[in-house]
Amino acid sequence: MKTDFIPVDYDYFDFQGRNYAKIIGRNSKGKRICIIDSCPVYFWAILKDNLNKKKIDKLLKKIREIKLDVKGRQTKVETAELHEKNYLGKKVKAIKIFATNYKDMHDVADKLGMPEIEKRRGYDLSFITHYIIENKIDPLCWYEISGEVLNNSDEFGGIDTNLDVDFCIKLESAKKIPKTEFNPRVLCYDIETDALEIGKGEILMISLVGENFKKVITWKKTKNPQEYVEYVKDEEELLNKFCEYVKKVSPDFLVGYFSDGFDLPYLKARADKFKIKLKLGLDNSQPKFSRGVNLTGKIKGIVHIDLLKFIRTAYAQYMKSETLSLNEVAKEFLNDTKKPFKIKHSSELKQKDWNEYYEYNLHDSVLTFGLFQKFWPDLLEFTKIIQEPIFNISRFGLSKHIENYILHNLHKFNEIPEKQPTYDEISQRKKIGSVKGAFVYEPTPGLYENLAMFDFTSMHTSIIISMNISKATLLETKQKNSYESPEIEEGNKKVKYYFSKEKGFFPLLLKDIFEKRKEFKAEYKTNPNRMTLARSNAFKVLSASAHGYVGFFGARYYSHEASASILAFVRKFNIETIKKTQKKGFNVIFADTDSVAFTREGKSKKQILEFLKKLNDELPGVMHLELEDFFKRGLWVSTRKGTAGAKKKYAMIDEDNNVKIRGFETVRRDWCQLSRDVQNYVLRQILKDGNEKKSLEYVKKIVKNIKQRKINKQDLIIKTQLKKPLSEYKATTPHVVVAKKMIENKIPISAGTLIKYYVSETKGKSKLVRDKVKLPEEPGEYNIDYYLNRQILPAVENIFQVFGISLKEIMEGKKQTTLGDF
DNA sequence: ATATACACGGATCCCCTATTTCC
DNA sequence: GGAAATAGGGGATCCGTGTA
């Protein structure tokens with residue numbers, strides 16, 4: 001039969017010793033289709049370059065005869081061919097060695113100890129990645145396919161009979177078609193339980209939300225349930241009902257929030273307890289979990305997506321939310337929040353509470369559904385660029401994304417893939433140590449008027465592209481007509497690295513990401529909203545990670561020299577821009593990595609833009625400097641110790657009165673809300689008025705309030721994240737002490753928990769903060785001295801210092817009559 | 001295990017010296 | 001008077017969280 005088809009979920013199976021890809025997707029009529037396809041499996045043996053034809057023929061013959069026994073299974077090399085390939089950009093002769101089964105390739109590779117073979121490559125990709133590269137059945141792209149329909153066929157061991165799809169097709173041909181629209185069927189879910197530890201409590205209810213579908217299934221009954229509530233007998237039936245509804249809705253994506261770490265493993269654990277099967281897969285299989293620290297839950301045929309993971313890698317860096325809790329993320333992207341409901345153990349809930357609980361549960365899924373819709377375009381975009389199944393796209397980290405993007409495109413360059421580093425290689429790389437980073441200009445503290453700020457577009461990536469930097473293009477020796485890095489200090493020596501002018505695959509590939517980044521940034525500029533900003537940032541992240549990837553010890557294409565060179569160029573271009581700006585007569589206030597801010601010195605905007613154009617004319621390749629914005633005022637302060645200007649800390653106000661605050665305590669979550677609010681007020685007021693008068697009065701008022709204990713304790717809570725298991729801490733910090741208290745109080749904590757506490761008055765004479773900390777709900781009075789001198793004062797002291805005001809003197813000199821009201 | 005370096009700043013740790021306490 | 005305990009200064013280190 002012929003149909004159109006969009007691949008969504010990828011899986012594979014073995015049949016009669018061979019590998020087959022099993023791809024679940026849809027056609028445009030919404031029918032669910034499974035296609036079964038195979039591809040040749042092979043890897044490469046790269047030959048030493050001095051071999052004559054006779055030797056190679058002999059070697060080929062020898063390889064073709066390889067037979068081996070893998071755990072009792074007989075297997076052999078199917079065939080072997082000689083090819084002209086590229087490896088790390090260099091021409092090589094390589095033998096393509098075909099194996100019967102993908103799993104055998106390691107063992108076959110191990111048999112190739114012949115001296116003629118220089119390297120073995122290409123046997124460490126996942127089968128799915130290999131398959132997609134080989135047959136080009138790219139995820140979430142439309143195809144016109146034809147093939148034989150399997151209907152109760154015994155081919156492949158009767159695979160189609162156990163599969164809940166409309167058609168199971170043995171693929172014969174597939175052609176990509178330009179169609180784009182695809183509205184996936186989505187079902188979001190969320191569970192409520194009586195204990196947080198996986199499987200330790202009863203599951204009380206499950207909510208399900210999809211397009212025109214809302215349901216809360218529960219066995220906890222009350223009067224007058226909402227119309228979306230459906231009752232079941234008990235927890236066991238709840239689990240069955242859940243599976244039933246998933247089957248009925250038949251979603252392409254089953255989406256949760258932190259569901260890899262909570263909802264799905266919980267459901268599985270409870271099902272195990274009742275000895276029932278959680279038949280969620282299209283083949284009625286149960287969800288499978290990866291081993292390791294970070295659980296991932298996989299359901300056959302339905303893509304299980306844990307939105308939290310995708311948001312974390314692709315967006316977290318650029319989000320306002322301070323935690324990635326559903327509540328905060330929903331607030332930022334949907335302008336909606338969780339329903340207010342104080343969760344208690346079900347035994348403590350009153351009849352009337354249940355309705356609220358149902359609603360609360362439902363709404364979590366509603367939020368997840370909303371978020372999925374918001375992030376769907378990005379998941380789609382990432383999937384299309386990187387060409388990995390969306391299951392991986394939604395979970396992998398940035399280095400894997402970059403790496404997969406490269407692997408899926410190597411064929412365009414006739415390149416043999418590099419292997420993953422071994423454990424020893426990783427240790428070696430770590431030993432070399434870090435490379436010198438970017439340049440940060442030390443600002444002179446002060447309040448400045450009329451500023452302009454320039455920044456480079458995707459600086460590192462544009463440098464990689466323009467100077468052709470990569471592991472493969474690195475030249476061993478200096479050559480004429482090559483790209484030459486600035487001088488780099490390596491140990492005590494100064495060296496330069498050289499890169500070929502012949503375009504390498506890595507820089508060429510990055511261009512694609514670079515251009516997408518530009519496109520989405522422009523989209524944001526013309527249509528600024530949360531979502532276009534997020535998308536712009538997502539590609540900013542991807543683009544920015546290209547350099548991080550090169551310097552990442554676990555990367556296939558890691559290169560210390562390339563990484564050092566990229567950063568040397570970053571410093572060079574930033575410093576050059578600073579110098580040119582100063583030479584033009586501007587006063588450079590600060591610069592950090594890829595940006596320069598300076599006062600306009602009476603120059604018109606037109607003149608500034610002309611200057612910018614001139615700067616751009618002098619930049620190589622795709623490097624581009626752009627105007628970030630014009631600013632009415634900007635404030636820089638000194639560091640806490642000493643008089644030097646603090647780097648990475650500033651506040652500016654643009655001509656539409658938008659305030660941009662970087663690095664200040666205002667934006668740091670490990671300061672109490674009061675400090676942050678006060679500093680925020682002060683910064684904004686000063687930027688607006690151009691002087692400190694109003695803010696000083698405000699601070700005095702706050703100080704008075706603190707002393708009179710008028711401050712709400714809620715505003716004094718300090719939040720610090722536990723970054724590792726308690727046992728690994730060498731220092732006994734306040735948040736570690738609080739974490740221990742939490743354990744005593746049976747509050748579950750783990751690495752990642754946000755620890756909350758306040759500093760209280762204590763009788764003891766200890767000066768250590770950790771001896772004064774209390775849990776938010778613990779009774780006690782806040783420590784006036786601490787909040788004055790270690791929270792409020794440090795947050796605003798440096799700001800007033802810019803105006804020559806010593807807040808410390810004012811605060812301590814309260815007995816002076818001139819400050820009687822204080 | 002899962003992108004990089006630079007930077008701030010709080011809190012503790014640790015060593016040293018001066019002062020206080022105790023016998 | 002001398003030993004032990006304590007206070008406090010200051011740099012090193014740990015730790016978390018920012019900017020880019």
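Only heavy atoms go into these numbers, but all of them, side chains included; no hydrogens, no water, no symmetry mates. Quick note on labels: first sequence line is chain A, next is B, and so on, each numbered from 1. All values derive from a computational prediction rather than experimental measurement.
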Lys494(A) atom NZ, over 12 foreign heavy atoms within 6.0 Å: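 At most 12 heavy atoms, drawn from other residues, nucleotides or ligands, come within 6.0 Å of this atom.
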
Give me the distances for all protein-to-nucleotides 4-8 of chain C N/O pairs that come in under 3.5 Å?
{"from": "dG8(C)", "atom 1": "OP2", "to": "Lys767(A)", "atom 2": "NZ", "distance (Å)": "3.1"}

dA3(B) phosphate, OP1 or OP2, under 4.0 Å from Ser399(A) side-chain N/O: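 Yes, Ser399(A) has a side-chain N/O under 4.0 Å of OP1/OP2 on dA3(B).
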
Below 4.0 Å: OP1/OP2 of dA3(B) and any side-chain N or O of His547(A):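 So the side-chain polar atoms of His547(A) never come under 4.0 Å of the phosphate oxygens OP1 or OP2 of dA3(B).
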
Under a 4.0 Å threshold between the charged nitrogen and the carboxylate oxygen, would [Y] count as salt-bridged to [X]?
{"X": "Glu797(A)", "Y": "Arg640(A)", "value": "yes"}
{"X": "Glu388(A)", "Y": "Lys400(A)", "value": "no"}
{"X": "Glu665(A)", "Y": "Lys649(A)", "value": "yes"}

Kindly state whether the ring of [X] and the ring of [Y] have centres lying under 6.0 angstrom apart.
{"X": "Phe569(A)", "Y": "Tyr483(A)", "result": "no"}
{"X": "Phe590(A)", "Y": "Tyr650(A)", "result": "yes"}
{"X": "His735(A)", "Y": "Tyr729(A)", "result": "yes"}

Give each protein N/O atom lying under 3.5 Å from an N/O atom of nucleotides 7-10 of chain B, with the pair distance.
{"from": "dA7(B)", "atom 1": "OP1", "to": "Lys647(A)", "atom 2": "NZ", "distance (Å)": "3.0"}
{"from": "dG9(B)", "atom 1": "OP1", "to": "Lys649(A)", "atom 2": "NZ", "distance (Å)": "2.8"}
{"from": "dG9(B)", "atom 1": "OP2", "to": "Arg640(A)", "atom 2": "N", "distance (Å)": "2.9"}
{"from": "dG10(B)", "atom 1": "OP1", "to": "Arg640(A)", "atom 2": "NE", "distance (Å)": "2.9"}

Geometric class of the His130(A)/Phe127(A) ring pair [parallel <30°, tilted 30-60°, perpendicular >60°]: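 Ring orientation, 0 to 90° scale: tilted.
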
Parallel, tilted or perpendicular: rings of His401(A) and Phe396(A) (30°, 60°):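 Phe396(A) and His401(A): tilted rings.
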
Option from Gln791(A), Arg668(A), Arg790(A) for which side chain to side chain donor-acceptor pair (under 3.5 Å) with Ser675(A) holds: Gln791(A)

Touch class at under 4.0 angstrom, heavy-atom based, for Leu768(A) against every strand present: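 If one applies the 4.0 Å heavy-atom cut-off, Leu768(A) turns out to touch the sugar-phosphate alone, with no base involved.
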
Touch class at under 4.0 angstrom, heavy-atom based, for Gly554(A) against every strand present: nothing

Glu425(A) side, atom CD; Tyr423(A) side, atom OH - distance, nearest 0.5 Å: 13.5 Å

Distances under 3.5 Å only, N/O to N/O: pair up the protein atoms with those of nucleotides 16-20 of chain B.
none

Distance, rounded to the nearest Å, where Arg770(A) contributes CZ and dT12(B) contributes C1':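 Rounded to whole Å, this separation is 7 Å.
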
Nearest-angstrom distance from the residue atom CD of Glu322(A) to C1' of dG16(C):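 For the pair Glu322(A) CD and dG16(C) C1', the rounded distance is 13 Å.
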
